[in-house]
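Taking it in order: structure first as structure tokens, then the write-up.
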Amino acid sequence: MPLTLATWNINSVRLRLPIVRRFIGEYQPDIVCLQETKCPDDQFPTADLRALGYEHIVVNGQKGYHGVAVLSRLPIASVERGLFCRHGHSRHLAVTLGEAAGSASGLTIHNFYVPAGGDEPDPEINDKFAHKLHFLDCMEAAPGNGTLRSQRAVLVGDLNIAPLETDVWSHKALLSVVSHTPVEVERFGRVMRAGAWIDAMRQCIPAEQKLYTWWSYRSPDWAAADKGRRLDHVWVSQDLGAAVDDIRVIKEARGWDRPSDHVPVLATLQL
DNA sequence: ATGGTCGGGTGCCGA
């Protein structure tokens, strides 16, 4: 059975409801993981999204900032809200699909929103960067808690790091820009290795090819400048490596009306 | 080399 799963930093779910509808209408994903919902749980547009076929909705939101949510057409058996953040931000949610999900039964999906880290890539003078590094350290340590190392697992989200040279428009220009600094990329690699994760996007799209999921709002013509970064990721556990059938970066969504600065990444798994 | 634009919730902060 094919399972389609999307991850999208939506930058306010209430404001973007029209383009969430458009994306769902055009691509019909079974599961949608959202980040930066910027919405308290009691104000999440649950009824609107349920009406689109997502009967199973789990949110971990807070007022004004951050926030993650999982929309699922398949039944969810259990939920976990991560303790990855020393500031108590809503930056993680994990769901495990239930028996009634058929061949997808037992699949665990982690949805992460890693701190952006501010402007100055020095943890001594920038606490936001220190927090980002600490958050990554907590993600790395999590397999010891038995959360990330489980089999039949997918980890998606806005990880706010572009690890490869081809994940940014200019490797040289971005070496000292938060999101592509060597210290972050090294931490990113440690998290991946600790959980034995596979980078599903790069398994499908060769590392020689430029690949971006985010284009700044500050560019007057984002498409012409094309100064993007791959900040959003889809990882799968080793046992699911062969199940990854397709990855699509929905670049056109950056050009939709009132867009997010991130675009959806859509993964198809054959389970 | 610099500054550029968003969103949320207030009189800026975070991205």
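Since we're looking at a predicted model, the values are computed, not measured.
Close to B/dG9, at under 4.0 Å from its OP1 or OP2, lies no side-chain N or O of A/Lys63. Taking side-chain N and O atoms only, A/Arg16 has a distance below 4.0 Å to OP1 or OP2 of B/dG7.
Rounding to whole angstrom units, CZ of residue A/Arg258 and C1' of B/dT5 are separated by 12 Å. One interatomic measurement links the two molecules: CZ of A/Phe129 to P of B/dA15, which rounds to 13 Å at whole-angstrom precision. The interatomic distance linking A/Asn126 (CG) with B/dA15 (C1') rounds to 13 Å, in whole Å. At whole-Å resolution of the value, CG in A/Asp119 and P in B/dG4 are 14 Å apart. Taking atom CH2 on A/Trp215 and atom P on B/dT5, their separation rounds to 20 Å, with Å as the unit. Between A/Asn11 atom CG and B/dC13 atom P the separation is 18 Å, expressed in whole Å. Nucleotide B/dA15 holds its P atom 14 Å from the CD atom of A/Gln35, rounded to whole Å. Look at CZ on A/Arg229: it is 10 Å from C1' on B/dA15, rounded to the nearest Å.
Candidate nucleotides B/dC6, B/dT10, B/dA15 were compared by shortest atom distance to the side chain of A/His66, and B/dA15 ranks first. Taking every side-chain heavy atom of A/Tyr65 into account, B/dC13 is the closest of B/dC13, B/dA15, B/dT5. Counting only heavy atoms from C-beta on, A/Tyr217 has its side chain closest to B/dT5 among B/dT5, B/dG9, B/dA15. Distances from the side chain of A/Lys38 to the nucleotides B/dG4, B/dG8, B/dC6 place B/dG8 closest.
No side-chain donor from either of A/Ser179 and A/Asn160 sits under 3.5 Å from a side-chain acceptor of the other. A side-chain donor-acceptor contact under 3.5 Å links A/Thr7 and A/Gln35.
Heavy atoms of A/Arg254 sit nowhere under 4.0 angstrom from any nucleic acid atom.
B/dG9 and B/dA15 have their P atoms separated by 15 Å, with the value rounded to a whole Å. Using atom C1' as the reference point in both B/dG8 and B/dT2, the two lie 27 Å apart (nearest Å). Here, B/dT10 and B/dG14 have their C1' atoms 14 Å apart, quoted to the whole Å.
One finds a salt bridge joining A/Lys251 and A/Asp226 here, because a Lys/Arg side-chain nitrogen approaches an Asp/Glu carboxylate oxygen to under 4.0 Å.
Place A/Ser216 and A/Tyr113 on DNA chain B by their nearest nucleotides, and A/Ser216 ends up nearer the 5' end. Each of A/Pro40 and A/Pro115 lies near DNA chain B, and the nucleotide nearest A/Pro40 is the one positioned closer to the 5' end.
A donor-acceptor distance shorter than 3.5 angstrom exists from the side chain of A/Thr213 to the backbone of A/Leu231, with no hydrogens or angles considered.
Less than 6.0 angstrom separates the ring centroid of A/His233 from the ring centroid of A/Phe188.
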